[in-house]
Amino acid sequence: DHYLSEYCRRQLSGLQMGVGSRYVDFEAPDLKGEMHRFSDLMEGAELTLLDLWASWCAPCRRVSKAMIPLYEAYKSSGFRVIAVAREVEDTKQMEQAIKQDGYPWPQLVELDDRTHLWSQYGSNNAPGRKILFDKTGLILAIDPSVEELDALLAERFAK
């Protein structure tokens, strides 16, 4: 029951996650404090991209912004993006980043690593990660580039 044992279990579990693994369900609040369960937000989508980002992470934001056109092109086909920002102490910078970058998808927040979401998804000390799931919760891609995601979406949603 030592806290380091639990830390090691979380780290190892996240490192074992890969393509073909199932998602780790979690709850996180939105900016109004309302709690949301990831599995509920995925419901009804063919493909869901979990966007783990941080307002202070320029590379995370750059990739997230680049995915906006893909979201707009495929959202009516069943593509969904759910974002969780990794923030420290408060959400002021997050709110400013959302306004500045114009993210059109739901935004949740993980303050001060309270639920250890990043380690559960194998991101441990990194600020961001993008994970693509199918409708059953299986991981199809981890950290796909915008071009790779575009190809996956085009193939999946080809008419």
Side-chain angles (χ1 to χ4, degrees), residues 7-31 35-88 91 94 97-98 101-157:
Y7 172 82
C8 290
R9 276 192 290 278
R10 278 194 309 272
Q11 302 294 8
L12 290 172
S13 175
L15 291 173
Q16 294 171 354
M17 180 168 287
V19 172
S21 299
R22 292 196 52 76
Y23 73 98
V24 176
D25 207 5
F26 62 89
E27 281 190 338
D30 61 22
L31 287 168
M35 294 300 287
H36 299 272
R37 180 163 291 286
F38 182 59
S39 55
D40 292 342
L41 294 173
M42 288 177 64
E43 216 169 281
E46 285 295 314
L47 297 176
T48 301
L49 183 74
L50 176 61
D51 180 9
L52 300 175
W53 70 289
S55 63
W56 42 268
C57 175
C60 302
R61 291 177 61 186
R62 205 170 21 257
V63 173
S64 295
K65 279 179 68 172
M67 292 190 178
I68 293 172
L70 293 178
Y71 172 76
E72 294 298 339
Y74 292 104
K75 68 181 179 183
S76 63
S77 298
F79 177 53
R80 190 166 297 156
V81 178
I82 309 298
V84 184
R86 184 182 206 179
E87 299 298 307
V88 180
T91 60
M94 176 188 174
I98 292 167
D101 297 347
Y103 305 129
W105 43 74
Q107 295 287 334
L108 306 178
V109 63
E110 166 80 344
L111 276 177
D112 303 317
D113 287 327
R114 290 180 184 152
T115 64
H116 309 285
L117 185 59
W118 268 248
S119 61
Q120 291 179 60
Y121 274 101
S123 195
N124 300 326
N125 295 320
R129 169 152 273 185
K130 312 285 188 259
I131 304 172
L132 183 67
F133 301 93
D134 70 8
K135 64 183 175 184
T136 69
L138 289 180
I139 297 174
L140 301 177
I142 297 175
D143 295 325
S145 68
V146 174
E147 296 78 17
E148 290 168 334
L149 183 59
D150 190 18
L152 286 165
L153 294 172
E155 180 182 323
R156 180 60 69 106
F157 296 123

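When reading the values below, keep in mind they use all heavy atoms of this one structure, side chains included, and skip hydrogens, waters and symmetry mates.
- Looking only at side-chain heavy atoms (C-beta outward), F133 and R80 stay at 4.5 Å or farther from each other.
- Between Y23 and I131 the shortest side-chain heavy-atom distance does not fall below 4.5 Å.
- At least one side-chain heavy atom of P59 sits under 4.5 Å from a side-chain heavy atom of R62.
- Inter-residue side-chain proximity for F38 and L108 is flagged as unmet; no heavy-atom pair is nearer than 4.5 Å.
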>> The test is side-chain contact (heavy atoms from CB on, under 4.5 Å); show your working for V81 and Y74 and say whether it passes.
In response: CA-CA 10 Å; V81 178; Y74 292 104; over 6 Å; no
> Under the side-chain contact (heavy atoms from CB on, under 4.5 Å) criterion, do T48 and L132 qualify, and how do the steps go?
Replying inline: CA-CA 6 Å; T48 301; L132 183 67; over 6 Å; no
>> Show, in sequence, the C-alpha distance, side-chain angles and deciding distance for Q107 and D30, and conclude whether the side-chain contact (heavy atoms from CB on, under 4.5 Å) test is met.
In response: CA-CA 6 Å; Q107 295 287 334; D30 61 22; over 6 Å; no
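- Contact between V146 and L70 at its shortest, heavy atoms only, is O-CD1, 3.7 Å.
- Looking at K130 and D51, a side-chain N of the basic residue comes within less than 4.0 Å of a carboxylate O on the acidic one, giving a salt bridge.
- Separation of atoms OH (Y71) and CG (L149) is listed at 13.5 Å; rounding is to 0.5 Å.
- Of all heavy-atom pairs between V109 and A28, the closest is O-CB, 3.8 Å.
- In this structure, V84 and F26 have side chains that are in contact, with non-hydrogen atoms separated by less than 4.5 Å.
- No donor-acceptor pair closer than 3.5 Å links the side chain of T91 to the backbone N or O of M94.
- Looking at heavy atoms from C-beta onward, T136 lies in side-chain contact with R22 at the 4.5 angstrom threshold.
- Closest approach of A45 and K135 over heavy atoms only: O-CB, 3.2 Å.
- When all heavy atoms of A66 and P69 are compared, the pair lying nearest together is O-CD, 3.3 Å.
- Checked by atom type and distance alone, the side chain of D25 pairs as donor or acceptor with a backbone atom of S39 at under 3.5 Å.
- Taking 4.0 Å as the cut-off between side-chain N and carboxylate O, E110 and R86 do not count as a salt-bridged pair.
- Within the model, atoms CD1 of I98 and CH2 of W53 stand 5.0 Å from one another, a figure rounded to the nearest 0.5 Å.
- A 4.5 Å side-chain heavy-atom check between M67 and Y103 finds every atom pair outside the cut-off.
- Of all heavy-atom pairs spanning D134 and M42, the tightest one is O-CE, 3.8 Å.
- Taking 4.5 Å as the limit, every side-chain heavy atom of I82 sits out of range of all side-chain heavy atoms of H36.
- The backbone N or O of S55 sits less than 3.5 Å from a side-chain atom of R61, completing a donor-acceptor pair.
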